[in-house]
Structure formats: C-alpha cells, structure tokens
Amino acid sequence: TATLFLTQCGGVGEDGSGMTPPDTHTTGVVNGFGSVVVNGIHFDVRSADIVVDGIAGRTQADLRGGMVVDVVSRIAPSGNTGTATRLVYESLLRGNIEALPGAGVVSVLGQRIVIGEGTLFSNASEIDDLQLGDRVQVSGFRAPDGSLHATWVAKEGSGGNLQLTAFISSITGSSVRLSGLDIDLATAEFEGVTQATLAAGQLVRVVLQAAPTNGQAVARKISLVDRRTATSLSKQQIEGITAQWDAGTGRFSLNGQAVQVNLATRYEGGTRADLATGVRIRVTGTLDSAQVLNAEKLSFFPVSLSGYARGRVTAVDPAGQRFNLLDNPGVEIRIRAETLLNDTLVDGGTLNLGNLAVGDEIVVLGQADGDRIDAELVTRLPRSTPGTGVGGPARRIGTTTALTILGTGVDTSGANYFNAQGGAMTQSEFFAALQQDDLVRAEGIYLGGVLNAVTVRRVR
C-alpha cells in the first residue's frame, strides 16, 4: 500500500523520564488485535484519528488483520508498545474479478493480484473461494513489475465504487497514466488537486465510472493522497517491496521513499548481498534533511514458507509463547512478535494465546524447525470446519509409503498424489522423485498418532 502523509499530533511521553519520545511513522501489516498490532508493536488507538480510504472518524472495528496501514505514534523505549495519534488505511483497489482465479493470481481492474500463502481473507478462506465476477477489496504492496502482492483480500457485496490507488507515471492532456492504465479525467471531480497541479509521482485515489477496457478507463473522481512526511516525523518504520536497487550506491525505493543502507545498517534474516529489486523487507531508520531514509535496521521476509499445520489445539503455553497441535507434544507452534494472528470466528476478532483454547481449530504457516514451526500466520477457524494436515521437510520411512513430516507419522498408502504444480501423480512416480527433506504437504484424518493421508502434494 502507499505510504501516506500523517500529520503530527500531540501525546505524552511513555518512559517516565519527562522527555517526550519523538513521533514515529510506521507502515506495516495489521497482525493482531486487542490493541492494534502492526510490525509486532501494540498500538493503543483509543484516542487516534482513524481514516479509512479518505473517510475520517472510523474506529478499530473497521480494521482487519492483513490490512496495510500507516500509524503515527509515540513508541515506548521498549519498542513493543505505542500510543497512536493517527492511523490511516488506504485500499489498493476495489473491483470485480475479471478472470478465473488460478495459480495464486487474480485480475481486478486490469491489475494482476498475487495471492500467497500468507494472504488473509475476509468473507472467504482461500483463493479457491473467489469466483469470476466477485467484488473484492485488496490491500498489500505494489511490486516493481506493477503487480499487487495481496496481504488481505475481502470478498464484498455487489455495488460500491470501482476504485484504484496508484502513482501517476505520466500526464497527457486531460489523461493520466497510472498502474498501466490510461485514465480520462475530462469529466472527473477533483478533490485536493486540480488538473493544473497534477504531476507525475503523485499518489492518487481514482474512482472509475466503469471497469477498464483495453487499458483505458474514465474517472468519476480523483483525489490526491498527500505523501509528504512532516520533518518532525523523522523516525520511520516502513514495510514494502524494494524498487530501483542500486548496489553501487546502496540506495533503493520503498513505497516511493528513498532508502540508503550503509556500513552501520543491521540486517535480520539476510545480508546486504540479499538486497535486490522486488524483495519484501522492513526498514527502521531516520530521515535526513534531504528526506532520504537512512536504514538503521533492515529485516527480510522469507521468500517461501516451509512449515504448515492444521488441526486441533492440544496444549497452550502463553508464557512460553507457544502451543501444540495434534497429540501432545504433536507439532509445537512458536509465536513471534510479528506473527500474523487472524481470527475468523469473529470478523475483526482478537486472537492471542490468552484466548486460544484446547480444541480450537487452527491453521499455521511458517518456517519449519525440526518438529516445530516458527509461525508467520496463525488462523483460528470455526470448529465446524475441522481438518488435519502437516507440511514441511519429509523423510521416507524405509521403502514403505510412510513418511514423517514435522515429527508426525503420515500413512500415504491410500492417498492421491500431486506434484508442485497440482498435476496428478501415481504413487510410484511420487516416491521415485522424492528426496529426503523435500517439502511435502499431507491432508487427511488424524487417528492414533498417525495422519492417514487423503492427499499428498509436493510443495517444491
């Protein structure tokens, strides 16, 4: 999503020193509630001005896990909590699915929407629940190739605006080009900007009269989304997908913000050598007088997730920030500050280890570590939708059709087999190609400590 202009608001110091902590601008994914959790920071939003798609006066109830938001806050010295003075959510687009979903991609308003394992949904559970013509709202990050990498997709009712938020790439007469579309503004209503003050590089929200045809559309309304950052908001925490990486200068663009890495930059989950155009990262740093963000810390997001588990909770350890699925010990799930916690029992509901209960149906995605998963995403499902599955590095047991995945025994003798592209395989083809520690996902019925697989799929 776009990085928005957030005006400085008042607040009180949180460290008890009498010194007022500086306001910090945070861009990231909502990964929990109670307070609003973004980038692992718990923000108190009770006195915050909450704006959704340009409409002020919204509340926490209007937010959903997976939305990308911008927050101005005073963050406590611990770095774990903050008091928000302003929170802004700007959807990337709202429109109808124009092509049948497939291979993790849908098309909306001529835009390519990439849906990954970590994408959260509202009024749907997965990409397979989306159909041609469905109206959806999308939040996430724009990649350099113009595609939108969704962190949240909401299936909406029919009607409402067809809306797109993007940067202007060029202007010709009364038309603007953005996100690969030519938008005719001849009859449009202007808000916060005029035809004369439009410029390339501006972020605008456009309401369309109808869906684009052959890359062209007519605007009903265009609004400027002001991206300037007040000089008082020099502290920045920005998440996004890198663009224009220059290894020689150590500079790149993140959501339109120039970022500079240097010898003092600390890296997490990778090194400077892993930087490239199109990489999803989070940067913490300070703006200089030229409005360049000097990166103090740079964190990489995993390219792929190697661990998967679905089943009923058998034990919860809030103090240890972990819980177990299947038999105890079963599969241990470890929670981090940045873990996305999604509760589908209540729209916008709160999920944490304090209210997670034995017997709850849970789906987990993350990084496999032996028999454990370091969770990136935890979703609580209605108890009426039970299912059991494990995914991770697989080891074959002897010459049989049995496997172990995440320390769980898997009997595949009666399973249907698939390759990583979803194509059907025979049992002999599957095991002939299987190498130790290949990533495999199995779904089936868990009984007597063994997962009796109905489907077995190579992940990669």
Side-chain angles (χ1 to χ4, degrees), residues 1-6 21-31 37-41 43 66-80 82 84 87-88 90 92 118 139-144 148-149 151 167 201 203 227-303 336-340 376:
T1 195
T3 302
L4 311 177
F5 169 64
L6 300 172
D23 279 0
T24 298
H25 175 200
T26 300
T27 300
V29 178
V30 175
N31 62 301
V37 188
V38 181
N39 294 352
I41 304 169
F43 291 104
M67 283 182 169
V68 177
V69 298
D70 289 83
V71 186
V72 167
S73 70
R74 296 256 168 89
I75 296 179
S78 66
N80 298 324
L87 184 151
V88 176
E90 186 76 28
L92 284 174
S139 182
F141 301 103
R142 191 176 294 275
L148 309 181
H149 289 237
T151 57
F167 294 101
L203 181 68
R227 300 184 58 255
R228 297 169 299 170
T229 302
T231 56
S232 55
L233 294 179
S234 61
K235 297 295 293 182
Q236 302 280 311
Q237 297 180 339
I238 303 177
E239 182 179 334
I241 297 175
T242 58
Q244 302 171 328
W245 164 243
D246 186 332
T249 62
R251 185 169 290 195
F252 58 90
S253 176
L254 193 64
N255 300 340
Q257 169 66 56
V259 182
Q260 178 72 57
V261 297
N262 50 55
L263 293 176
T265 302
R266 306 188 312 276
Y267 295 91
E268 182 178 75
T271 68
R272 189 182 191 277
D274 297 308
L275 273 173
T277 292
V279 177
R280 183 173 167 184
I281 63 171
R282 179 184 301 134
V283 174
T284 300
T286 304
L287 290 175
D288 63 20
S289 58
Q291 294 294 286
V292 174
L293 179 60
N294 289 286
E296 298 163 7
K297 180 181 178 182
L298 189 152
S299 302
F300 292 87
F301 284 77
V303 176
R336 305 174 302 112
E338 296 82 7
T339 302
L340 277 163
E376 297 287 337

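Values in this document were obtained by computation on a predicted structure and should not be read as measured data.
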Checklist entry - Between D23 and R74, is there a side-chain N and carboxylate O pair less than 4.0 Å apart? => result yes
Next on the checklist: For F252, run the side-chain contact (heavy atoms from CB on, under 4.5 Å) check against T277, V279, V261 and tell me which one passes.
Outcome noted: V261
Checklist entry - Shortest non-hydrogen contact from R282 to F301? => result NH2-CZ, 3.3 Å
Checklist entry - Looking at residues at least two apart in the chain, or sitting in another chain, which of them share a side chain to side chain contact (heavy atoms under 4.5 Å, CB included) with A290? => result D288, V292
Next on the checklist: Could you work out, with side-chain hydrogen bond (donor to acceptor under 3.5 Å, both in side chains) as the rule, every residue matching T339, not counting sequence neighbours?
Outcome noted: none
Checklist entry - Rounded to the nearest 0.5 Å, what separation is found between the CD1 atom of I241 and the NE2 atom of H149? => result 4.5 Å
Checklist entry - So do D246 and T249 actually touch side chain to side chain, heavy atoms under 4.5 Å? => result yes
Item to check | Shortest non-hydrogen separation from N39 to N31 and the atoms involved | outcome: N-OD1, 3.4 Å
Next on the checklist: The criterion is side-chain hydrogen bond (donor to acceptor under 3.5 Å, both in side chains); which residues satisfy it with T265, sequence neighbours excluded?
Outcome noted: N262
Checklist entry - Does I238 offer a backbone N or O that forms a donor-acceptor pair with the side chain of Q257 under 3.5 Å? => result no
Checklist outcome for this item: Exactly one of V88, D70, L254 clears side-chain contact (heavy atoms from CB on, under 4.5 Å) with T27, and that residue is D70
Item to check | Contact list for residues 253-271, test salt bridge (charged side-chain N to carboxylate O under 4.0 Å, His left out), sequence neighbours left out | outcome: E268-K297
Item to check | Contacts of R336 that satisfy side-chain hydrogen bond (donor to acceptor under 3.5 Å, both in side chains) - sequence neighbours left out | outcome: E338, E376
Checklist entry - What pairs with V29 under side chain to side chain contact (heavy atoms under 4.5 Å, CB included), at least two apart in sequence or on another chain? => result V68, F141, T151, E239, R280, L340
Checklist entry - Taking T242 for the side chain and G278 for the main chain, is one N or O donor matched with an acceptor at less than 3.5 Å? => result yes
Checklist entry - Can you find a heavy atom in the side chain of F43 that is under 4.5 Å from one in the side chain of T26? => result yes
